[in-house]
Amino acid sequence: MGAAINSVDDARGLSNLAISAGQLLLENGAEIYRVEDTIHRMVSACGDIERINVWATYNMILISFSFENQDVMAMRRIKSYSTNLSRLVSINQFSRWFVSSDTTVDESYKKLTHVAMGNNFKLFTRMLSAGLGSACFTLLFKGTIQDSIVAVIAVMLEIAAYSWIEKREFPFFISNFSAALIGATISAIFVTLGIAVNLDSIVIGAIMPLLPGVSITNAVRDLMSGDLLSGTLGMMFALLTGISIAIGVGIVLAIYINGGIIWN
Amino acid sequence: MELIYMSTIAAVSSVAYGWFFNAPRKSLVGAFFCGFIGWFAFSISQKFINNSFITALLGAFFLGLLSEILCRIYKLPVTVFIIPGIIPLVPGAGMYYTMYNFVIQDYVLAMENGRQALFLAGGISFGVLLASIFSRSLRVVRNKSTRLFRGEKHEYRQ
């Protein structure tokens with residue numbers, strides 16, 4: 001099953017298709033083992049292919065296999081990174097469909113492009129859902145109703161700013177830092193005005209959409225399953241994201257509590 | 001009662017973050033139960049055990065088991081349930097208090113909070129990992145038994 005491979009050109013097309021599927025998975029928040037497993041299954045479903053090697057980290061994917069004793073290799077550099085679960089599911093379905101059906105490489109590539117275009121984020125939905133989630137968080141960490149309403153406002157503006165910055169392709173450190181700064185500033189302003197009471201519960205809610213919980217969990221899973229490099233990279237990514245958020249919040253806190261003195 | 005109320009709030013936030021991460025609509029009901037059971041197990045174990053690693057591990061373990069069951073029912077990847085489910089357990093509060101204590105220059109407390117946040121994060125990921133290993137081992141046992149029953153015991157050797 002899988003696509004029919006008759007020439008080296010077909011094999012090149014297959015490597016391009018498989019690595020594109022892997023790239024889409026990785027860009028939408030899959031774990032390393034899922035990416036490697038998907039690529040491996042897609043390539044090995046196509047009959048006469050030997051010596052399949054796949055290597056993925058959070059920054060790039062490399063694959064190599066041989067068809068009629070000729071090596072085919074492909075490499076992709078991964079730059080953007082977000083979590084879009086619907087797209088993850090549809091790429092997963094695509095790879096299952098590819099493995100179990102008789103098709104051609106071109107046709108599957110068209111289908112994959114179609115999948116890659118679908119299930120986009122809508123900014124307002126994203127703002128609204130993050131606001132709802134953070135309001136619950138503020139309540140969970142002993143905030144009042146007013147606090148949670150302020151958290152909704154802070155998070156919505158924060159997410160809007162985050163996506164505005166992300167579109168301009170700044171590094172993730174800058175986007176997380178400025179989003180945390182904006183969220184904490186709005187919360188501090190509302191607390192100073194006397195509308196809300198607990199600064200800590202509002203800020204805990206407000207930084208929630210930025211926290212690297214997903215990447216730290218994936219990184220530890222990678223480390224335990226033997227992908228040492230990806231695990232280390234993921235830990236580093238999570239640590240740097242955490243530090244950038246902490247700096248953003250810390251500056252606001254320092255101004256709010258000490259009046260501008262961060263260290264002495 | 002307080003516990004149920006808090007767990008429900010955590011579950012609602014799980015659903016909201018499932019929506020935030022653009023999870024498929026039909027999986028959001030599952031995300032509600034994942035968030036609920038994660039926070040419930042986490043808070044109940046907090047009453048008996050004074051160790052953030054173990055409590056987070058227990059919460060994440062039960063959450064992971066439920067996600068492994070749900071992903072077979074809904075036929076979706078397990079990540080779709082685990083990512084929204086772990087969100088309430090992620091140590092945002094620990095990170096905030098670490099920074100707060102740095103700012104008010106209580107470095108001992110800051111280090112303590114930072115250590116606790118790190119242990120919590122480690123506990124969550126270890127719990128999820130344990131759950132996935134546990135479910136995988138169950139699956140192998142079941143497959144073997146059905147194959148032996150049908151007299152196809154050489155099939156898995158390849």
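- Among I207(A), V249(A), I247(A), V203(A), the residue with the largest count of heavy-atom pairs under 4.5 Å with chain B is V203(A).
- Within a 6.0 Å sphere centred on CZ of F124(A), heavy atoms belonging to other residues, nucleotides or ligands number 12 at most.
- No more than 12 heavy atoms of other residues, nucleotides or ligands lie within 6.0 Å of OH in Y100(B), so this atom counts as exposed by the packing criterion.
- Taking every heavy atom of both residues into account, L140(A) and M6(B) meet most closely at CD1-O, 3.4 Å.
- The heavy-atom pair separating C136(A) from V12(B) by the smallest distance is SG-CG1, 3.6 Å.
- Surrounding CG of N120(A) are more than 12 heavy atoms belonging to other residues, nucleotides or ligands, all under 6.0 Å away.
- Ranked by heavy-atom pairs shorter than 4.5 Å toward chain A, the options I124(B), L118(B), T79(B) are led by T79(B).
- The candidate with the highest count of non-hydrogen atom pairs below 4.5 Å against chain A, out of P77(B), A10(B), G18(B), is P77(B).
- In this structure, CG on L85(A) lies 11.0 Å from CZ on F20(B), to the nearest 0.5 angstrom.
- When each of N28(A), V220(A), N218(A) is checked for heavy-atom pairs under 4.5 Å with chain B, V220(A) comes out on top.
- Between the CD1 atom of I9(B) and the CZ atom of F137(A) there is a distance of 11.0 Å, given to the nearest 0.5 Å.
- N22(B) has its side chain out of reach of R126(A): every pair of non-hydrogen atoms, C-beta onward, lies at least 4.5 Å apart.
- Heavy-atom distances place both the backbone and the side chain of F121(A) under 4.5 Å from chain B.
- Atom CZ of F62(B) has 12 or fewer neighbouring heavy atoms from other residues, nucleotides or ligands inside a 6.0 Å radius.
- Chain B forms the most heavy-atom pairs under 4.5 Å with one residue out of P209(A), A238(A), G242(A), A130(A), and that residue is P209(A).
- With a 4.5 angstrom heavy-atom cutoff, I82(B) touches chain A only via side-chain atoms.
- For L210(A), no part sits under 4.5 Å from any heavy atom of chain B, backbone or side chain.
- Neither the backbone nor the side chain of L223(A) comes within less than 4.5 Å of any heavy atom of chain B.
- With no hydrogens or angles considered, a side-chain donor-acceptor pair links Y17(B) and S134(A) at under 3.5 Å.
- Counting heavy atoms of neighbouring residues, nucleotides and ligands inside a 6.0 Å radius, atom CZ of F61(B) exceeds 12 of them.
- Closest non-hydrogen pair, I86(B) versus G213(A), comes out as CD1-O, 4.0 Å.
- No more than 12 heavy atoms of other residues, nucleotides or ligands lie within 6.0 Å of CH2 in W164(A), so this atom counts as exposed by the packing criterion.
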(message) With side chain to side chain donor-acceptor pair (under 3.5 Å) as the criterion, how do R25(B) and S86(A) come out once you've worked through the C-alpha distance, each side chain's angles and the decisive distance to 0.1 Å?
(response) CA-CA 9 Å; R25(B) 291 280 177 277; S86(A) 280; over 6 Å; no
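- Counting heavy-atom neighbours within 6.0 Å of F126(B) CZ, excluding the residue itself, gives a total of 12 or less.
- Contact between T125(A) and W19(B) at its shortest, heavy atoms only, is CG2-NE1, 3.3 Å.
- Minimum heavy-atom separation, G92(B) to L211(A): CA-CD1, 3.2 Å.
- Atom OH of Y5(B) is separated from atom CG of L139(A) by 5.5 Å, given to the nearest 0.5 angstrom.
- The nearest pair of heavy atoms linking M95(B) to A246(A) is CE-N, 4.3 Å.
- Counting heavy atoms from C-beta on, the side chains of M208(A) and V90(B) come closer than 4.5 Å.
- Other residues, nucleotides and ligands contribute more than 12 heavy atoms inside 6.0 Å of the CG atom of L123(A).
- A donor-acceptor contact under 3.5 angstrom links the side chains of D200(A) and Y97(B), judged on distance only.
- In this structure the side chain of N84(A) never reaches within 4.5 angstrom of the side chain of F21(B), judged on heavy atoms.
- Distance check, rounded to the nearest 0.5 Å: OG of S132(B) to CD of E31(A) gives 9.5 Å.
- Going from atom CG of N92(A) over to atom NZ of K75(B) covers 13.5 Å, rounded to the nearest 0.5 Å.
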